[in-house]
Amino acid sequence: MAVPFISEVKRTHTCGQLTAANVGEEVVLFGWVHNRRDLGGAVFIDLRDRDGLTQVVFEPNHAEAHETAGHLRLEYCIGIKGKVVSRGRNANPNLKTGEIEIKATDLTIFNRSEPTPFLVEDKVSTSEEKRLAYRYLDLRRGPLQHTLMTRSKMNALTRSYMVGNGFMELETPFMGKYTPGGARNFLVPSRINPGKFYALAESPQLYKQLFMVAGFDRYFQIVKCFRDEDLRVDRQPEFTQIDVEMSFVTQDDIFTMIEGLLKKLWGEVLGIDIPTPFMRMDFYESMAKYGNDKPDLRFGLEHVVLTDLIREHGEAGGVPMMWEAVQQKGIVKAMVVPAEKPLSRAESDKLEDFVKQAGAKGLARAKVNEAGEWTQSPLKTISPALRQAINAACNAKAGDLILFQFGRESLVHTVMANLRVHVAKKLGLIPEYGSGGQWKFLWVVNPPLFEYDEETNTWAAAHHAFTRPHDEDVQYLLTDPGRVKCHRYDVVLNGFEIGGGSIRLHDPKVQAEVFKALGIQDEEARAKFGFLLDALKYGAPPHGGLALGMDRLAMLLTGAESLRDVIPFPKSKTGTDLMTGAPGDVDEKQLREIHVRSVTPPQK
RNA sequence: GGGGAGUUAGUUCAGUUGGUUAGAACGCCGGCCUGUCACGCCGGAGGCCACGGGUUCAAGUCCCGUACUCCUCGCCA
């Protein structure tokens, strides 16, 4: 007689729970057939749910269940009832539940499964394309289940920490007004207002400042943000931030609060106590030593800026290409691959391909010998004086390999930053993926308020137009904008920018000067940010905040190789959802309704 | 938008100098098997070689284009 599973026979345990302590108990488990070993007499099934695996054995003395078990296939969804027995000598030490098995008396098949497009195993055995197309099967895999459980836990921990510190979780609109500058927005046409568009929020930035004006004092939100930019391994068009804003605080107050949150996350998720306060590094120091504002401090290989040295030696230095680069406002940087961790000649040659891929013209290098002379180097005409000076600046000794880049400042930084990480992986200083057990947190602080845009010959806001400049630099806003530093900060971990924010500009007078420096006219400012400028006039409190990239945090906490592995339903490199086919075509009628006409003929 | 890599059974891959019937493993179907845990053994089905052109007596293989996926630079205040 069939047992009425689910309606009357309820699940008693999950597949990761049972141990030797449960021997003798009658249990009911539900799950999926992870593996089967049919020996004719005994049929073994590994039953899987999100909690783990349990071995179930069907024997001929329970004829009905045994007969059905013979027809089980991978990924069938089933329920079983039976008795927990010890496996004694046959225990499987690789399994959490390996000491026991269930001798099944009853079995029901809730649903059969067609052969799956790929096997559901912990180890990835198929292309990412297939995984994304059948994401619901991919998500059955152990590592992804674990990752999403960790994310869930991170959400819960964040909420309890923030609420415990007096923060309110408040919501902001996704559909807002388009504001120029920054990331490209996704646009949503308005049906009711012909020809008008909403923009999907690239962050709740302006709204959270209005919360401060409104007097909510401490705000946070775990919120989706949307940016229509090209994707990367750590970038998706929709992603999640832990968004935070506080009133009446200094930069240090915010750092302390965020360090506390990260300490809690690392403590509760990984059981690791990360030391606080985090190290702080000046923006310019980071650019000089590491080539970007998100340095990976798990290893050395610091850059050495040689620009001044080349300038001092001038033409007499005997390195005409570097000398020319310096004269054209370029920079010269070097990096030392130490003799203790040598690269083979072939590996060094490959570095050249690597930097070219990153946009460099080439890679000058020099192997230092006992006499301090250089071999393997294209810089054959260098003067002995400059050579010695460079050796000294780089602290280079016999056997070291010096790598050089010179030219346009931003390109040299980018290439050298990439090269530094690339060489570190080649030398085994850090693993290809994951933390390697090292967690190097730091704050990168005091960046410039403006960046010079060489294309338009204008100053642009490096962060956003409402970042507060250092008080002592306000006097230079109009006379020497490049000199103005600001209260902006990024929190960096192992080479990833995991968050960033600023103290906001709440003084309308200084605000007006910033707009002036940016060449933004009053009317223009009103049209773009009028509501915020108005708000600042009505007793806006001093305030500041920060946003943490939840997806990147999850990626780092789980050791995932890609952001796609910590997002349940991510987009592919070209922004398409390989499962649903989004973005897709829509009817002509739908377009008419929203007053939009496509200039691209329908595909196919 | 630029550069690079890839696409062959359901899946992962092999496929020689261009040569006649495109292989293996896992999965799937059938049979045997009572202590397996990558169970084992026997048999079987399964291919528009991504798509479109071209070269050739002959193309999975060589050439050109397209699509898709991934990596990378630009871009991401």
Side-chain angles (χ1 to χ4, degrees), chain A residues 34-46 53-61 66 70-71 73-75 85 87-95 97-98 101 103 113-121 123-134 137 179-185 202-203 205 225-237 239 353-360 410-411 414-415 417-418 422 447-451 453 455 459-467 486 488 490 497 500-502 518 549 561-562 564 571-574 576 578 581 603-604:
Chain A
H34 187 67
N35 196 6
R36 72 188 171 98
R37 295 172 294 278
D38 184 348
L39 276 62
V43 177
F44 295 94
I45 296 291
D46 292 334
L53 289 177
T54 300
Q55 174 162 290
V56 181
V57 58
F58 301 89
E59 292 181 321
N61 55 339
H66 181 257
H71 296 104
R73 290 297 179 269
L74 298 184
E75 299 309 316
V85 298
R87 289 176 63 173
R89 255 185 318 195
N90 288 321
N92 182 348
N94 300 322
L95 231 50
T97 60
E101 66 187 0
K103 273 199 193 301
S113 170
E114 288 184 17
T116 48
F118 51 85
L119 299 181
V120 178
E121 306 169 301
K123 201 168 136 284
V124 176
S125 63
T126 190
S127 67
E128 189 152 19
E129 199 175 342
K130 285 269 177 349
R131 291 173 54 201
L132 292 177
Y134 299 91
L137 294 178
T179 50
R184 194 177 290 118
N185 292 94
E202 60 190 58
S203 80
Q205 181 61 45
C225 301
F226 306 89
R227 294 182 188 175
D228 187 7
E229 297 292 345
D230 282 11
L231 285 72
R232 283 285 186 280
V233 74
D234 62 350
R235 240 160 55 192
Q236 282 273 311
F239 60 98
D353 296 334
F354 177 82
V355 298
K356 280 182 177 168
Q357 194 182 261
S410 59
L411 183 67
T414 300
V415 170
N418 288 338
H422 180 77
L449 182 60
F450 303 111
E451 274 170 359
D453 186 336
E455 279 179 26
W459 291 96
H463 190 47
H464 67 85
F466 296 92
T467 301
C486 65
R488 182 192 137 207
D490 286 339
E497 181 198 318
S502 65
L518 289 170
E561 294 179 13
S562 157
R564 294 187 292 269
K571 306 282 190 287
S572 81
K573 190 68 195 307
T574 49
T576 56
L578 296 175
Q603 298 292 309
K604 186 174 65 166

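In what follows, every chain begins at residue 1, and chains take the letters A, B, ... in the order their sequences are listed.
- Salt-bridge formation is not detected for the pair A:R235/A:E229: no Lys NZ or Arg NE/NH1/NH2 atom is positioned less than 4.0 Å from an Asp or Glu carboxylate oxygen.
- Distances shorter than 4.0 Å separate some side-chain N or O of A:T126 from OP1 or OP2 on B:U12.
- Within 4.0 Å (heavy atoms only), A:K123 reaches no atom of the nucleic acid at all.
- Comparing B:C70, B:U12, B:U34 by their closest approach to the side chain of A:K573 singles out B:C70.
- Among the protein residues, A:N418 comes within range of the sugar-phosphate backbone only, with heavy atoms under 4.0 Å from sugar or phosphate atoms but none that close to a base.
- Comparing B:G27, B:U69, B:U34 against the side chain of A:T574 picks out B:U69 as the nearest.
- Within the 4.0 angstrom heavy-atom criterion, only backbone atoms of the sugar-phosphate kind lie near A:N35; the bases stay farther away.
- Residue-level contact check: A:K356 touches neither bases nor backbone, having no heavy atom under 4.0 Å from any strand.
- Base contact: A:L39 has a heavy atom under 4.0 Å from a base atom.
- Interatomic distance, A:R131 CZ to A:L137 CG, rounded to the nearest 0.5 Å: 12.0 Å.
- Among the heavy atoms of the strands, none lies under 4.0 Å from A:E561.
- Across all strands, A:T467 comes closer than 4.0 Å to no nucleic acid atom at all (heavy-atom distances).
- At a cut-off of 3.5 angstrom, counting only N and O atoms as typed in the model, there is no donor on one side facing an acceptor on the other between the side-chain of A:E129 and the base of B:G6.
- In this structure, A:R235 reaches the bases: a heavy-atom distance under 4.0 Å links it to at least one base atom across the strands shown.
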